[in-house]
Amino acid sequence: MNKRAAKAIINKDIRAIGSNIQLWLPMLIVPLVFSLVLPLVLVLPARFTDLSTMGNIEQIVKLFSKLSSGPLQETIMALPLAQQQIVYFTVNYLFAPFFLIIPLMVASIIGANSFAGEKERKTLETLLFAPLDLNTLLWAKILAAFLPATFLTLICSFLYGITVNIAAYPLFGRIIFPEGNWLLLLLWVTPALSLGAVFVNVFISAKVKGFQEAFQLSGLVILPVLGLFIGQLSGVLLVNSIFLWWSGAVLWLIDFLLVRKCGRFLNRNQLFTSQVS
Amino acid sequence: MIVLEKINKSFSGVPVINNLSFMVHQGEILGFLGPNGSGKTTTIRLLNGVITPDSGRLTVAGFNPVTAGDEVRKRCGVLTESAAFYGPMTARENLLFFADLYAVATPTRRVDELLHACGLTPHADKKVAVFSTGMKKRLGIAKALLHQPEILFLDEPTTGLDPEGARTLLDYIQELNRRFGVTIILATHLLKQVETLCHRFIFIDQGRLLADGTFAELAEKYLTAINLQVETDLEITGTEFQGFPLEKNTPGFLQFKVERKEQIPFLLKALLASGSVYSAQIYGRDLETLYFRIKEEKA
């Protein structure tokens with residue numbers, strides 16, 4: 001691994017995101033909606049409306065007792081007010097999938113653009129003429145997508161934490177986020193998942209001709225699979241943390257194997273030919 | 001030193017390089033000539049190990065580009081027509097980026113030096129997206145020279161440059177060769193520009209080697225007939241003069257066909273014996289005529 005070259009490529013790619021509005025606008029708006037707008041829209045009405053006037057509130061609250069038993073359910077059941085229960089459930093459970101979607105979205109956009117973007121701009125040829133081993137190039141491309149994805153997720157989580165805590169503080173009188181398995185989800189599972197997504201996208205990007213093709217293919221193949229996974233994984237927030245530790249570990253192992261095995265399928269000749277022909 | 005031995009390469013079943021063999025000696029400026037689509041660019045790509053040959057053996061600076069590509073690329077600078085730069089970045093940023101890839105020891109200084117040498121200093125901080133073709137080309141040359149390569153591959157370096165820019169560039173290439181002994185492979189269509197610059201020429205067409213040699217060697221072999229135009233007061237009727245066929249007969253000028261250059265003194269002596277000769281000039285003894293003669297002969 002050629003560190004100087006890798007650093008140069010990562011810098012260049014991350015700076016390039018800033019100069020391409022098509023890339024950064026969705027990556028800015030979607031996270032802002034998830035971490036600022038939606039939480040306020042959901043938490044504030046719950047706080048200010050008298051929930052007991054609503055007809056079926058009893059049924060919703062009853063649902064909590066039917067949740068899988070675990071730390072989250074115990075905390076919810078221990079809360080005295082229905083309002084508190086609903087807000088706590090929304091903040092600590094309902095939003096979890098968003099924080100898996102954000103890094104995946106960023107990873108997909110940047111990852112799909114990685115090689116395909118270079119091909120479209122005819123700069124891949126210039127890169128391949130340099131004494132740069134493909135391993136370095138591949139890792140630089142992976143990191144150039146993984147780092148912004150992870151960074152953005154952490155920023156969003158931070159914003160989300162501030163927003164929901166301020167909005168819900170009068171109701172609880174204490175900080176309610178992050179609690180339970182959240183930190184484990186954000187710091188252990190999410191990065192592993194986004195690394196996998198980055199890798200698959202970068203790999204597709206290297207194999208196809210242009211960004212559009214790469215993005216469509218990744219959308220068609222990857223997103224449904226990941227969506228299924230996210231749905232399952234957020235359920236894990238309800239149960240104990242050991243399962244999350246294991247999920248993360250399995251994901252990291254898959255990432256490692258993907259990078260080790262698939263990296264070998266990339267070669268200069270193929271990469272070059274996919275640009276020029 | 002570069003060696004190609006029986007190289008074959010095809011793209012999706014269409015052969016592009018056919019059994020191509022030739023050598024380039026160290027410190028040589030090689031004119032690599034051939035029409036569009038004759039395989040010049042493909043050969044340059046093969047020699048840099050960015051594509052792999054179907055069969056045959058390649059050696060560049062002692063390394064095999066297929067197995068030790070990075071060693072080859074460390075020693076070679078390349079300018080090709082299709083390789084582009086990053087439009088949203090300035091010329092300086094682009095060069096600094098590639099300086100990192102090529103492990104240049106003092107990037108800032110080297111980049112300034114090359115921006116100056118390529119006449120780009122006033123445009124150093126402009127985005128490459130607004131550059132003209134000529135400016136992009138000069139930037140490409142600056143990039144190719146970043147790591148002070150032993151071997152320089154230049155694919156159509158002067159297309160898109162104005163005559164002045166082309167002249168400056170060719171002088172610079174010659175200086176690199178003379179001062180630092182850089183081996184230069186110059187692929188081009190603009191034959192007039194490189195006629196006196198190159199030490200040796202390779203002609204290829206459809207991926208096949210047509211001819212290989214110095215201008216003198218090739219001219220000897222292919223430019224069998226010489227057209228000599230003589231400015232004279234002599235008036236001739238008929239189609240020949242003392243056995244030399246007359247090609248053109250205009251007042252004051254006679255154009256003869258001469259089989260070998262050794263015959264020129266005899267013709268001139270014969271002319272001088274009967275009249276005055278004010279000037280004599282050989283026509284068709286240039287690279288362009290050579291190019292067409294070789295193509296004709298090998299077709």
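Order of the sequence lines fixes the chain letters, A, B, ..., with proteins taken first and strands second; residue numbering starts at 1 for each chain.
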Self-check item: Options A:Asp133, A:Asn11, A:Asn2, ranked by heavy-atom pairs under 4.5 Å with chain B, top entry
Solution: A:Asp133

Should the pair [X]-[Y] be classified as a salt bridge under the 4.0 Å nitrogen-to-oxygen rule?
X	Y	value
A:Lys12	A:Glu118	yes
B:Lys40	B:Glu81	no
B:Asp100	A:Lys7	no
B:Arg109	B:Asp112	no

Practice problem: Enumerate by number any residue of residues 150-158 of chain A whose heavy atoms lie under 4.5 Å from heavy atoms of chain B; in the absence of such residues, state 'none'. | Solution: none

Exercise. Determine which pairs satisfy salt bridge (charged side-chain N to carboxylate O under 4.0 Å, His left out) with at least one residue from residues 138-152 of chain B, sequence neighbours left out, and list them in order.
Key: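 Sorted result for residues 138-152 of chain B: B:Arg75-B:Glu150.
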
Quiz item: Any idea which of B:Phe97, B:Tyr86, B:Phe98 has the most non-hydrogen atom pairs under 4.5 angstrom with chain A?
Solution: B:Tyr86

Self-check item: Counterpart residues, salt bridge (charged side-chain N to carboxylate O under 4.0 Å, His left out), relative to B:Glu93 (two or more places apart)
Solution: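 With sequence neighbours excluded, B:Glu93 shows a salt bridge (charged side-chain N to carboxylate O under 4.0 Å, His left out) to A:Arg15, given in chain and number order.
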
Quiz item: Under the side chain to side chain donor-acceptor pair (under 3.5 Å) test, which residues partner B:Thr80, sequence neighbours left out?
Solution: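 Counting only residues at least two positions away or on another chain, B:Thr80 forms a side chain to side chain donor-acceptor pair (under 3.5 Å) with A:Glu125.
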
Self-check item: Structural part of B:Val50 lying under 4.5 Å from a heavy atom of chain A
Solution: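 Both parts, backbone and side chain.
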
